[in-house]
Engineer: 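One structure, as structure tokens, below. Some questions next.
The structure presented is a predicted model; accordingly, all values stated were derived computationally and were not measured. Every number for a ligand or one of its atoms is a count from 1 in the order of the listing.
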Amino acid sequence: MSKYIFITGGVVSSVGKGISVASIGKILKSRGISVSVQKLDPYLNVDPGTMSPFQHGEVFVTQDGAETDLDLGHYERFIGVELTQASNVTSGQVYSSVIAQERRGDFLGGTIQVVPHVTNEIKRRIRKVAEISQAEVIIIEVGGTVGDIEGQPFLEAIRQMRKDEGRDNVLYIHVTFLPHIAATDELKTKPTQHSVNELRRIGIQPDVILCRSDKEISEGIKDKISLFCDVDKEAVIPLVTSETIYEVPLLLEDAGLGEFIVRRLGLTAGKSNLDEWRDMVARLKAPKEPVIIGLVGKYVGLRDAYYSVREALCHAALAHNRAVKIEWLDSEQLDGAADDKLRQVQGIIVPGGFGYRGIEGMIKAAKFAREREVPYFGLCLGMQIMVIEFGRWVFHSEKVNSTEFDANSDYPVIDLLPEQRGIEQKGGTMRLGTYPCHLVPGTIAARAYGTEVVYERHRHRYEFNNNFRQPLEEAGLVPSGLSPDGRLVEIAELRDRPWMLACQFHPEFKSRPDSPHPLFLGFIGAAKETLVEGAQTSLPLN
Ligand code: GLN
């Protein structure tokens, strides 16, 4: 039987609740305890797939093709698990299924209510993760902060879980923030007290309080929180802002959280072993020479939009004993001054995206990379950009485009996937999740992976148009990764370029700090050899 840890947030959002959940998973797993994780998101969208990255940040894609909250990315990276669609539940999903049951007549004669119908559906979905994963501990993060109107049914459901599952099988952790008042140089506990009171009003007494703060937390402050919030002092855990997110599991472990959880839940656990992680964090924090990567996208104003890309770059750089320095280049502003900015970087990465806005700036960046032989790495949209730019050069026409951006293009080198034709509904209908990809021997891709078949995650509607395959191949484009039937170009690279490679999938989702992704490793390897300001001469292809 699984045990459950519920994590709620108080005071303010963005205090690192997702990282805390991932870190708790890590410290339990380091004791040989099996863990799975779930995020409950109170918003009414069925999934974040239809939300703008400006609203929501990155959409993380699971191997089974669910479009989920970016916190699932933290969970996978820290804990080293592969989650499924059951790990992200939204109010939208819960209400849709309750209403569908009502229409079917499942509750015939009854009045459908938030308690018990909606809360039962939430509990059913929480238990489903336990059923699928068979893990000893399920960690469930409730999105938002205590007191949000939308969050109420979720809090009520997790309150009921303690009664249903038994006191010893459920633990509540509340993550709060201690503001620092500069004038008096003090940390304040009052917002934490209020937020615990709010939680109690619903019937939840936290067992642990994680106190995020930008300053060291004194014993006096811990005593105060322990007294006013009625939590054991050893369960008041400081979470002082650290240099790297990967340090958080170590901070929590060293503060005794792992031991406390094991004891309170009566878990059978081995000794914690975080030696390798500790070593990784030490290497991450050590000063290193930077490798400068220009990330060209239209959502760069909100860096959360590219969370996994940023992390994957950092993992790969660490493996090369470098620190990655990202230059965030807004593709809409890559106008006349583009070259000056691009000359400052050692590698250019164009990540995923949708819609025409900002596309021409990305194409400019790809052109710069091709002409100057600066390493280029395209992810999903970034592959389509590389193909469009190359096509414009080969066909001497600015009309070369994707039908996403120009439905009447004379040279639609990127076009809708056949199975996408006629699809009107926007949500959840893209090519999603893991697909196999066969690598062509002798290519950069095959060398980077060192294997023949790879499995990568997709999220797109458009693909390389095979009608243009022959002329583009003759001009130097190499389809180096293909679907098993050879029909879909999943990876493309340019011949005679040190590293100009792009993939139709999203490799960033599979990178881990302790096992960087082969394509990111290859890209950073090429970038670190590139000189900035080095304006290499342009070699003609062919
Ligand atoms: N907009 C492109 C498509 O739908 C690329 C999507 C992406 O980058 N994830 O194919």
Engineer: Assign the ring pair Tyr356 / Phe405 to parallel, tilted or perpendicular, where the plane angle (0 to 90°) is split at 30° and 60°.
Structural biologist: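 Aromatic pair Tyr356/Phe405 classed tilted.
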Engineer: Picking from Glu76, Glu67, Glu508, what satisfies salt bridge (charged side-chain N to carboxylate O under 4.0 Å, His left out) with Arg457?
Structural biologist: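 Among Glu76, Glu67, Glu508, the one meeting salt bridge (charged side-chain N to carboxylate O under 4.0 Å, His left out) with Arg457 is Glu76.
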Engineer: Distance under 4.0 Å, heavy atoms only, partner ligand 1: which residues pass?
Structural biologist: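 Residue list for ligand 1: Gly352, Gly353, Phe354, Cys380, Leu381, Gln384, Glu404, Arg459, His460, Arg461, Tyr462, His506.
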Engineer: Would a distance-only check, ignoring hydrogens and angles, find a side-chain to backbone donor-acceptor pair under 3.5 Å from Trp499 to Gly347?
Structural biologist: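 Not at all, since once roles are kept as given, no pair shorter than 3.5 Å links the two residues.
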Engineer: Please report the closest heavy-atom contact between Ile138 and Ala130, naming both atoms and the distance.
Structural biologist: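 Closest pair (atom of Ile138, atom of Ala130, distance): CD1-CA, 3.6 Å.
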Engineer: Return yes if some donor-acceptor pair links the side-chain N/O of Gln38 with the main-chain N/O of Ala86 below 3.5 Å, else return no.
Structural biologist: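 It does hold such a pair.
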Engineer: Suppose we screen for ring pair (Phe, Tyr, Trp, His ring centres under 6.0 Å). Which residues come up paired with His460, at least two apart in sequence or across chains?
Structural biologist: His458
